[in-house]
Amino acid sequence: VATVALKDVTKVFPDGTVAVDNISLDVNDGEFMVLLGPSGCGKSTVLRMVAGLEQPSSGVILLDNELVNDLSPRDRRIAMVFQDFALYPHMTVGENIAFPLRLSGVEEAIRTERVADVANALGIGDVLGRKPGQLSGGQRQRVAMGRAIIRRPNLFLMDEPLSNLDSGLRAELRAEISGLVRELGVTTIYVTHDQAEALTMADRVAIMRKGVLQDVGTPTQVYGRP
Ligand code: ADP
Ligand code: ADP
């Protein structure tokens, strides 16, 4: 189970920038929440605070009713994916995906099986032996997702994961990502400035402008169409 609750969360950076201005938001267990808004409106700052990478200036963030900052990174069981894939270039695809399991001491046979399962689900089962440099952009993003979900996180945080890809690939991966995430049933917060992504992927959309949450609802509720 993973629920996320932000209560009256504000983030003011040391230079005085109010990046997030008194936001409250509940994300339900298994929900795919899209945080939508233009560049600079504070989306990444929200995500980084949920991940425990940044402290709110005021307000609280709860993960399963516990303060995120009270949980050790291990207990948070949060996976993050960014737009720059940040793969290990010297490792193969299989090694990249297996890396978090190797760090947590999962034995080889189980690693291999889990990597194969995840890679097949992502459609990259046939490129496990390649290096990231030998992959397309879409394949690299799939590897990054595979590496993020291999440890079966409770919460999946994605920050503009498709924004470096061309439009055809973005459309394809939108469907894949939302399908995969729903199959896993993992609670997800997905940050984007792309309204089409929000409309096609979200259970609910949270619309941000200049640090403020403007609206939260299903795509139909906020846009009047599915
Ligand atoms: P988004 O993800 O929507 O593009 P961000 O959360 O990255 O927005 O940034 C929100 C605002 O906070 C922007 O005005 C940005 O310039 C500012 N900001 C982000 N990080 C810092 C920082 N470390 N110091 C000062 N201002 C920052
Ligand atoms: P090492 O022997 O140093 O662990 P390998 O290249 O044999 O390095 O594999 C690293 C990890 O990558 C393995 O533990 C396995 O989980 C994964 N892996 C590599 N190739 C495959 C593959 N063809 N099918 C499934 N998993 C693979």
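The analysis underlying the following values was restricted to heavy atoms, covering all of them including side chains, and did not include hydrogens, waters or symmetry mates. Keep in mind it's a predicted model, so treat the numbers as computed, not measured. Counting starts at 1 for both ligands and their atoms, following the listed order.
- Rounding to the nearest 0.5 Å gives a distance of 6.0 Å between CG of Leu63 and CG of Leu71.
- The N/O atoms of Gly42, backbone and side chain alike, include one that comes under 3.5 Å of an N/O atom in ligand 1.
- The closest protein non-hydrogen atom to atom 5 (P) of ligand 1 is Thr45 OG1, 3.7 Å.
- The protein atom (non-hydrogen) at minimum distance from atom 7 (O) of ligand 1 is Ser44 CB, 3.7 Å.
- Here the protein heavy atom with the shortest distance to atom 17 (C) of ligand 1 is Thr17 CG2, 3.8 Å.
- Checking atom 15 (C) of ligand 1 against the protein gives no heavy-atom contact under 4.0 Å.
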For this session: Determine, stepwise, if the pair Asp159 / Ser44 fulfils side chain to side chain donor-acceptor pair (under 3.5 Å).
Result: CA-CA 7 Å; Asp159 194 348; Ser44 301; 2.9 Å; yes
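- Here Leu157 contributes atom CG and Leu155 contributes atom CG; the two are 4.5 Å apart, rounded to the nearest 0.5 Å.
- With hydrogens left out, the protein atom closest to atom 12 (O) of ligand 1 is Ala19 CB, 3.3 Å, a heavy atom.
- Within ligand 1, the atoms closer than 4.0 Å to a non-hydrogen atom of Cys41 are 1 (P), 3 (O), 8 (O), numbered from 1 in the order shown.
- Ion pair Arg182/Asp203 flagged as a salt bridge, since at least one NZ, NE, NH1 or NH2 atom sits closer than 4.0 Å to an Asp/Glu carboxylate oxygen.
- To the nearest 0.5 Å, the span separating CG on Leu6 from OG on Ser24 amounts to 7.5 Å.
- For the pair Arg102 and Glu108, the salt-bridge criterion is not met [side-chain N within less than 4.0 Å of a carboxylate O].
- Nearest protein neighbour of atom 4 (O) of ligand 1, counting heavy atoms only, is Gly40 N, 2.6 Å.
- Among all non-hydrogen protein atoms, the one lying nearest atom 24 (N) of ligand 1 is Phe13 CG, 3.4 Å.
- Within the structure, ligand 1 lacks Pro14 among the residues with a heavy atom less than 4.0 angstrom away.
- Residue-ligand proximity, Pro38 to ligand 1, at heavy-atom distances under 4.0 Å covers atoms 3 (O).
- The OG1 atom of Thr220 sits 13.0 Å away from atom CZ of Arg204, with the distance rounded to the nearest 0.5 Å.
- Cation-pi check for Arg174 over Tyr190 is not met; the charged atom does not lie both under 6.0 angstrom from the ring centroid and within 45 degrees of its normal.
- Contact atoms of ligand 1 toward Lys43: 1 (P), 2 (O), 3 (O), 4 (O), 6 (O), 8 (O) (distance under 4.0 Å to a heavy atom of the residue).
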